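In what follows, a single structure is set out as structure tokens and then discussed.
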Protein chains: 2
Amino acid sequence: MTIKGKSTSLDIAHLAGVSQPTVSRALRGHPSVNCETRERILGIARELNYKVDKNASNLRRQQSATLALLLFEDPTSDQSHINPFFLPMLGSITRACARHGQDLLISFQQLSDDWHADYGDSHKADGLILLGYGDYLAYQGKLRTLVEQGTQFVRWGAVLPGQPGISIGCDNAGGGALVGAHLVDLGHRRIAFLGDASSRYPEFLDRWLGCESALHTRGLPMERALQVDAESAEESGHAAATELLRRGLPFDAVFAASDLIAIGAMRAFAEHGLRMPDDIAIAGFDDIPAARMTTPALTTVVQDTLTAGELLVDTLMKLVIGEPAESLRMPTSLVVRESTARR
Amino acid sequence: MTIKGKSTSLDIAHLAGVSQPTVSRALRGHPSVNCETRERILGIARELNYKVDKNASNLRRQQSATLALLLFEDPTSDQSHINPFFLPMLGSITRACARHGQDLLISFQQLSDDWHADYGDSHKADGLILLGYGDYLAYQGKLRTLVEQGTQFVRWGAVLPGQPGISIGCDNAGGGALVGAHLVDLGHRRIAFLGDASSRYPEFLDRWLGCESALHTRGLPMERALQVDAESAEESGHAAATELLRRGLPFDAVFAASDLIAIGAMRAFAEHGLRMPDDIAIAGFDDIPAARMTTPALTTVVQDTLTAGELLVDTLMKLVIGEPAESLRMPTSLVVRESTARR
DNA sequence: CTGAAAGCGCTTACAG
DNA sequence: CTGAAAGCGCTTACAG
């Protein structure tokens, strides 16, 4: 049996000998529909391979049953690279959306784009998930606009007091402290930091602060002279490590604010004939797949990206249906590999 | 000025003192609208932050302005892993969709799911992009159903004669030949192959066949006894390499059907105290980011995933608007790294 | 338990 | 160049 064109609820109504609204009710499992009638209708629907037209349904219900995932890219990164850190999160987000009966739109945005306009206002999506690193100062204004417009959203990133909207992120300071404690316990004393530890990159800043507090507890300082700005990209890490070496100050360990930075830095150190971990210990943050491939394998901080993805969706759905929701910081843990070792 | 609730074209019509259809025309740049009127309307629309309601528009036009990207996962892979090979493709697909004014839905599917039903029939998407590796025999039936249902789709994968629908893939045989020629030219004679080289995995089969033909040209055989099945996953590569060693047959080089397989195999070889490339040369396929991180860095075949993503979208759009489109094989090239060297 | 009616916000012939 | 009318395929009060 071949059906030309899509069938509608009216087609089914005719075949079942009922009215079209009854078909609609039966299909959505409305309890008022007679059991026998319902079965007949469902049978016909299955036979015709009928699916409710989403556009009509959404228009009528004034919703979209869709969430949008906006990945914004660092302007610095070349156009092909998403931070691999986000990949498992993408997987768990799509699965969580499916579980909630939501479709997921995905889009890459520049920090400069006009997000809300494109999604909220046009009824394309009921809520937004924001992923990606970028200058937080530029970002914050956008978030404020979203809040003002009443757009529902959650973002992955640093959880800061008084920030607009809801954020879910990892305990960056806690992760930084784990690294600091680990390095000091191994006997390292002069720890360099590669990453932009300013309020423009609050996640990096928290990692720095966490590390600093761990050192402080142990009677050691984090020296600003050993900190070099870097964004989360390999090239940026390579440049930062090169700059660090150029400064000529002594250091015995490096805490890279992300694995991508660490990988670039390792390449720079290797180019300068430095052995790791013998000459320099190095640790990263994120535990991207490449972290276990490097030589030596990279000690790093793990975030539970799978749970994070679910949490992002669950939280957004609460907002969408009007329930209260809260920002949240997730615990981190340290994976010790070969790039750090006792002095 | 705060507007409660979204504004509609009727609101604009009232404010502009014209009819609602005129607003609709002006907004879409219909040439019949008076210039001055158009400007007035556009100004008001901007002020109200008006966006056309996608559900209403799509319902009326009987389209969706949306493509769906279905990533299906190997049942073997753990739930968090997308082949990193697809990541840059994902990026270029989203960008190409934006260029075509299409939204992109993304979903992870099991090979067992009922794709077409969920997307085509419910008007969620005008066309489907299928990504992912899996048993082609199971897959083929699905493709046939899609064709029968009149669903528009393109898939990334082996381009085979007489296959249902349109496929875009790389020249797997050509890539295999590059590897075969390279290994033989380096002086290798007994080349093992890790990967399921059967019609269930036509891409792997083509890579095998290409390698075989390159060897044949040089008067050498590919030995089936040196072939071990593997799916594109690290664990599978590790198991296959272990099995290969267990067989105890001599071999001096390995062609892994994908980088993930190669990476798993390298770990197995290292565990057995084999040095690469001194004891065994190894080459992969895909050039995932991790390929340059391994020790030794992996020689592999590069596919132009960025162009591939664009091509997938461009081709699908042709199908959606009813233009003719064709399957296509893209060229490959070899990146020689340290994992292969002269004997 | 079921039907007739209205309406979600657009687009598109059809008149003028 | 512009408006009045119809209709896309649903869902949801409102009657009965």
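Protein chains get the first letters and strands the later ones, always in sequence-line order, with residue 1 at the start of each. Keep in mind it's a predicted model, so treat the numbers as computed, not measured.
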I want to check something: taking the side chain as every heavy atom from C-beta on, are A/Leu67 and A/Asp103 in contact at a cut-off of under 4.5 Å? no
Using only side-chain N and O atoms of B/Ser19, determine if any of them is under 4.0 Å from OP1 or OP2 of D/dG3. yes
Backbone N or O of B/Val320 within a donor-acceptor pair of the B/Asp126 side chain at under 3.5 Å? no
Using whole Å, report how far CG of B/Asn55 lies from C1' of D/dC8. 12 Å
Base-pairing string, 5' to 3', of DNA chain D - Watson-Crick or wobble, under 3.5 Å, | interstrand: |||.||||||||.|||
Is it true that a side-chain atom of A/Ser327 and a backbone atom of A/Ile166 form a donor plus acceptor pair closer than 3.5 Å? no
Strictly below 4.0 Å: does B/Tyr50 bring a side-chain N or O up to OP1 or OP2 of C/dC10? yes
Taking the nucleotide of DNA chain D with the nearest heavy atom to each, does A/Pro21 or B/Pro21 sit closer to the 5' end? B/Pro21
Would you mind reading off the distance between A/Leu48 atom CG and D/dG9 atom C1', rounded to a whole angstrom? 15 Å
Least distance between heavy atoms, B/Trp156 atom then B/Ala308 atom: CZ3-CB, 3.4 Å
Can you see if the side chain of B/Thr22 gets near the phosphate of D/dG3 - specifically, an N or O under 4.0 Å from OP1 or OP2? yes
Whole-Å distance between C/dC10 C1' and A/Leu59 CG? 8 Å
Between C1' of D/dC1 and CD1 of B/Ile41, the distance in whole Å: 11 Å
Atom CZ of B/Arg61 to atom C1' of D/dA6: distance rounded to whole Å? 18 Å
Within residues 28-39 of chain A: residues closer than 4.0 Å to DNA chain D (heavy atoms): A/Arg28
Measure from CG on A/Leu27 to C1' on D/dG9 and round the result to the nearest Å. 12 Å
Could you state the atom-to-atom distance from CG of A/Asp53 to P of C/dC8 in whole Å? 18 Å
Using a cut-off of less than 4.0 Å, is there contact between a side-chain N or O of A/Ser9 and OP1 or OP2 of D/dC10? yes
Measure the spacing between CG of B/Leu105 and CG of A/Leu105 and express it to the nearest 0.5 Å. 5.0 Å
Side-chain donor or acceptor of A/Thr66 paired with backbone N/O of A/Ala125 under 3.5 Å: no
With the side chain defined as heavy atoms from C-beta on, B/Gln20 is closest, among C/dG9, C/dC10, D/dC10, to C/dC10
Within the distance-only criterion (no hydrogens, no angle test), does the side chain of B/Gln163 pair as donor or acceptor with the backbone N or O of B/Leu160 below 3.5 angstrom? yes
Looking only at heavy atoms, what is the nearest atom pair of A/Arg144 and A/Pro164, with distance? NH2-CG, 3.8 Å
Short side-chain N/O contact to C/dG9 OP1/OP2 from A/Gln62, under 4.0 Å: yes
Keeping the roles fixed (side chain from B/Arg329, backbone from B/Gly169), state whether a donor-acceptor pair exists under 3.5 Å. no
Base, sugar-phosphate, or nothing: which does A/Ser24 touch, judged by heavy atoms less than 4.0 Å apart? base
Grab the CG-P distance between A/Leu10 and C/dG3 for me, whole Å please. 12 Å
A/Arg25 vs A/Thr8, nearer the 5' end of DNA chain D by closest nucleotide: A/Thr8
Look only at the side chain of A/Thr151 and the backbone of A/Val147, and say whether a donor-acceptor pair between them is shorter than 3.5 Å. no
